[in-house]
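If you read the sequence from its start, that first residue is 1, and numbering goes on from there.
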Amino acid sequence: METPVRNPLMSQPEPQAQPPIPAPAAAPAAPVASTPAPAPASGAHAKPRRPTAHLAKIRNLGVIAHVDAGKTTCSERILYFTGKIHKTGEVHDGAATMDYLPEEQERGITITSAATQTEWRDHTFNLIDTPGHVDFTAEVERSLRVLDGAIVVFCGVAGVEAQSETVWRQAARYHVPRIAFINKMDRIGSNFSSAVDSIRQRLGAVPVAIQIPYGSEKEFRGVIDLVTMELIDYSQNLQSGQHDRPPVRVPIPLHLRDLAQQHREHVIEEVTKYDDEVMRKYLHGEEVTAEDLRAAIRVGTVRNLLTPVLCGAALRNIGVQPLLDSVVDYLPSPLDISGFLGRHPDRPDEEVKRLPDPNEPLSALAFKTVGDKNGDLTFLRVYSGRMTKGDELWNPKRRQHERVGRLFVMHADSRGAVDAAEAGDIVAIIGAKNTLTGDTLCEREHPVVFGAMEFPRTVISLSVEPVAKTDRDRLGEALAQMAKEDPTFERKQDPETNETVISGMGELHLEVLMSRLTREHKVAVKTGAPKVAYKMTISRPCELESRHIKQSGGHGQYAVAKFKFEPEDANGEIVFEEKVKGGNIPREFFGPLEKGLRESSLRGGRAGFPFVDFKATVYDGSAHDVDSSANSFQECGRLAFRMLIETVPTVLLEPIMKMEVSAPEENIGDVIGSLNARRAMIEEVMQGAGGFRTVRGQVPLAEMFAYTTTIRSMTQGRGTYTMEPLRYAAVPKALADEIIAKRAEEREKAR
């Protein structure tokens with residue numbers, strides 16, 4: 001069976017043949033064998049060959065989950081049992097290693113992705129712990145872009161939750177193989193079978209349980225390994241409090257052997273699809289060994305055809321060591337990926353492929369930037385080649401050279417200096433002054449550009465100004481730095497009111513950014529009330545002629561353009577097209593004409609809301625040999641937009657959020673009533689675990705400000721909700737007129 005080239009740098013994989021996936025050895029035997037090294041490079045790029053065998057021992061993986069599923073606790077235990085740290089810190093105490101920001105420690109949530117490196121069974125893990133809250137989903141997005149595998153953590157009580165679906169889709173978009181870990185199996189109401197079923201039903205995945213729990217809820221004491229048919233028993237550890245000891249592997253108790261054998265049969269039946277040898281043995285009644293199963297499970301996992309499911313209770317240190325073994329056994333190394341696809345910067349139609357080989361030309365992707373007093377810290381995934389401290393790299397997007405001043409392997413907020421990094425490594429460098437998230441770094445003689453990252457559009461904004469007027473410049477510098485670090489944070493100056501307006505993914509996102517502004521950048525600020533990021537569009541097509549003709553002595557200004565405007569779903573953008581025949585408008589004036597139109601569209605009408613989702617086609621016009629210029633056609637574009645919104649009825653658009661509300665059964669009627677009052681469109685009400693029900697649907701963001709207080713008071717503090725941006729939709733006309741009038745009045749007063 002062929003599998004596509006996994007390309008985390010482009011939206012779709014290109015179908016290519018993949019070398020056979022090597023089978024892992026039984027734990028704790030030798031690591032996965034490497035594929036043969038490619039032929040030596042030739043020409044100017046020829047360098048001394050470096051071995052590729054170490055690549056088989058690298059696992060680049062992330063830990064992803066819904067908020068409060070136990071993701072960071074799981075990461076903390078991984079670091080502890082691999083010997084990276086010698087004492088575990090708890091999230092609820094603000095002491096988790098990977099949650100190093102003061103805001104994370106105070107709030108008990110992960111806000112920014114954190115990278116570290118550790119080892120298990122002679123394999124190197126480059127591990128990234130990611131946020132679970134939807135407001136910080138960009139951190140998950142850019143991490144998954146550069147990872148080869150992921151551990152997806154689910155709550156044993158709730159199963160698949162709202163953000164579980166989001167991170168699963170993100171991983172699927174980049175074709176990242178996953179292992180599922182059902183956490184919190186010691187909690188009251190936990191149900192392993194129900195959690196596995198939710199993965200199948202809500203995510204459309206093929207979960208294959210390779211473990212089943214031993215005991216339940218408070219009596220949960222270990223897991224039954226269906227691959228080796230052993231009980232991994234943590235009872236002694238729990239009784240003695242010595243959690244750092246390896247668990248005991250013993251025969252499965254007699255009363256559970258039939259159940260375990262039934263589950264193992266299901267695993268074998270599932271993996272026969274991916275391994276002919278397992279199928280042959282199964283059909284002939286021969287014994288399928290643990291080695292056979294591991295090899296088959298690995299094939300299905302690496303090819304994204306199945307998801308191994310494990311279980312445990314990370315807080316009580318149960319199930320973490322088998323999870324680490326599964327990372328080695330089932331998740332891919334860089335050698336399992338047959339190549340990374342990009343484009344030639346000067347010939348966009350020309351595909352460029354880079355192999356995971358230190359002997360290839362260098363290519364790396366910048367996936368994160370963090371401000372540092374010694375210079376910006378740029379996180380890189382090295383896909384091919386080798387970089388060393390002091391190297392000069394080429395950024396083809398910015399057309400600039402970047403020097404590697406210093407090179408680090410990160411451990412949360414601490415760093416260890418290294419002299420070189422090779423294909424498969426995740427490192428950080430200081431010295432890349434102009435490289436931003438999504439930029440490619442390579443050798444100038446062998447250029448490549450990997451696909452740009454796409455992030456969700458901002459949905460909420462507020463005005464901000466410094467308490468002290470003398471801090472205005474410092475505020476501008478701080479906001480610029482924060483925008484460089486966070487691709488979902490935007491700031492702009494309102495030309496009408498001269499206000500500084502910042503935009504983000506939600507109330508929590510902006511709240512955290514403002515806290516960092518005061519704490520890290522030492523700028524005290526005043527903020528306005530949060531505002532919805534409304535947009536506008538046109539309601540119907542129209543044609544018009546824009547004439548900008550002025551004569552005042554000397555050279556005049558002459559520009560005429562005929563436009564056809566029509567509504568179009570352009571994903572929040574404006575489509576500009578020119579179809580002028582006969583050279584009536586010289587080609588060099590199309591750029592200024594488009595620029596003028598776009599500038600005015602973003603500035604909006606009297607309410608100042610930007611116009612989007614329409615197509616502008618210029619199909620005729622005229623120019624003057626002397627009086628026409630770039631400036632005159634730019635002004636002609638501005639005039640065309642003003643004429644458009646005076647001619648055509650406009651539509652106000654608001655962000656619609658995908659929501660999920662969880663509340664106790666006895667409060668669900670009140671919750672549904674409150675959502676209906678907020679113009680919510682309820683799609684389904686599902687039965688949850690532990691006497692809870694879940695309401696799923698869509699709701700306008702404008703109606704959900706401060707809803708946390710409402711849901712808590714309505715459910716005695718037990719209800720929760722999550723939202724994520726879904727789409728923009730038209731606001732009812734009466735409400736739209738009210739919003740536009742109010743906004744126009746505010747702008748008038750601010751002048």
Check whether R474 reaches the backbone of K522 with its side chain - one donor and one acceptor, N or O, closer than 3.5 Å.
yes
So, for S75 and V63, which heavy atoms are closest and what is the spacing to 0.1 Å?
OG-CG2, 3.5 Å
For S333 and K57, indicate whether the former's side chain and the latter's backbone hold a donor-acceptor pair under 3.5 Å.
no
Could you tell me the separation between the CD atom of E477 and the CG atom of D471, rounded to the nearest 0.5 Å?
10.5 Å
Where is the tightest heavy-atom contact between R343 and P348, given as atom of each residue plus distance?
CD-O, 3.2 Å
Can you confirm whether V448 sits close enough to Y383 that some side-chain heavy atom of one is under 4.5 Å from a side-chain heavy atom of the other?
no
Test side-chain contact (heavy atoms from CB on, under 4.5 Å) applied to Y330 and L310, step by step
CA-CA 12 Å; Y330 306 129; L310 299 90; 5.9 Å; no
Check: R59 side chain, A56 main-chain N or O, donor-acceptor pair, under 3.5 Å
yes
To the closest 0.5 Å, what do you measure between CD1 (I85) and OG1 (T97)?
3.5 Å
Main chain of N359, side chain of D357: is a donor-acceptor contact present, judged purely on distance under 3.5 Å?
yes
Check whether any side-chain heavy atom of N60 lies under 4.5 Å from a side-chain heavy atom of I128, and answer yes or no.
no
d(T118 OG1, L127 CG) to nearest 0.5 Å is 8.5 Å
Member of R142, H509, Q170 meeting the side chain to side chain donor-acceptor pair (under 3.5 Å) criterion with T137:
Q170
Modelled atom types, side-chain donor and acceptor of S515 and E103, under 3.5 Å:
yes
Answer yes or no: is there a side-chain heavy-atom contact under 4.5 Å between E422 and V382?
no
Counting only N and O atoms by type, is there a donor-acceptor contact under 3.5 Å from the side chain of N183 to the main-chain atoms of A69?
yes
For the residue pair D135 and M505, what are the closest heavy atoms and their distance?
O-CB, 3.5 Å
What pair of heavy atoms forms the shortest contact from G506 to I460, and how long is it?
N-CG2, 3.4 Å
Starting from the C-alpha separation in whole Å, work towards a yes-or-no answer on side-chain contact (heavy atoms from CB on, under 4.5 Å) for F136 and L508.
CA-CA 9 Å; F136 310 105; L508 179 60; 3.8 Å; yes
Would you say CD of E573 has more than 12 non-hydrogen atoms from neighbouring residues, nucleotides or ligands within 6.0 angstrom?
no
Quick one about N304 and R178 (side-chain donor to acceptor, distance below 3.5 Å, no hydrogens or angles considered), yes or no?
yes
Any side-chain heavy-atom pair of H401 and W394 under 4.5 Å
yes
Do the charged groups of E511 and R107 touch, with an N to O distance under 4.0 Å?
yes
Could you go through the side-chain contact (heavy atoms from CB on, under 4.5 Å) check for V67 and Q163 one step at a time?
CA-CA 7 Å; V67 64; Q163 188 66 2; 5.8 Å; no
Distance alone, cut at 3.5 Å: any donor-acceptor contact between the side chains of S143 and T130?
no
With no hydrogens and no angle check, do the side chains of E485 and T369 hold a donor and an acceptor under 3.5 Å apart?
no
Are a donor atom and an acceptor atom from the side chains of S326 and D329 found within less than 3.5 Å of each other?
no
Exam field: side chain K84 to backbone Q117, donor-acceptor pair closer than 3.5 Å
yes
Could you tell me if the side chain of S503 sits less than 4.5 Å from the side chain of R491, heavy atoms only?
no
Measuring from I318:CD1 to L323:CG, what's the distance to the nearest 0.5 Å?
13.5 Å
Donor-acceptor pair between T110 and D99 side chains, under 3.5 angstrom:
yes
Establish, from distance only, whether the side-chain atoms of T112 and K368 form a donor-acceptor pair under 3.5 Å.
yes
Donor-acceptor check, side chain of E402 to backbone of T435, threshold 3.5 angstrom: yes or no?
yes
CG (L324) and CZ (R77) are apart, to the nearest 0.5 Å, by 13.0 Å
Between E392 and R444, is there a side-chain N and carboxylate O pair less than 4.0 Å apart?
no
Got N434 and N395 here, is their nearest side-chain heavy-atom distance under 4.5 Å?
no
Would you say the side chain of F489 lies within less than 4.5 Å of the side chain of M482, judging by non-hydrogen atoms?
yes
Please check if the side chain of R381 supplies one atom and the backbone of V146 the other of a donor-acceptor pair under 3.5 Å.
yes
I would like to know whether M98 and L79 meet side-chain contact (heavy atoms from CB on, under 4.5 Å); could you show each step before the answer?
CA-CA 10 Å; M98 304 298 273; L79 297 182; 3.8 Å; yes
What is the distance from atom CE of M387 to atom CD of E443, rounded to the nearest 0.5 Å?
10.0 Å
For D419, run the salt bridge (charged side-chain N to carboxylate O under 4.0 Å, His left out) check against R386, K389, R406 and tell me which one passes.
K389
Could you check whether any side-chain heavy atom of N317 comes within less than 4.5 Å of a side-chain heavy atom of F81, counting everything from C-beta outward?
yes
Among H446, R347, H344, find the one that has a side chain to side chain contact (heavy atoms under 4.5 Å, CB included) with V352.
H344
Write down the atom of G319, the atom of F181, and the distance for their closest heavy-atom approach.
O-CE1, 3.9 Å
Taking Y100's backbone N and O only, do any of them form a donor-acceptor pair with E104's side chain (distance below 3.5 Å, no angle check)?
yes
Exam field: side chain E139 to backbone S113, donor-acceptor pair closer than 3.5 Å:
yes
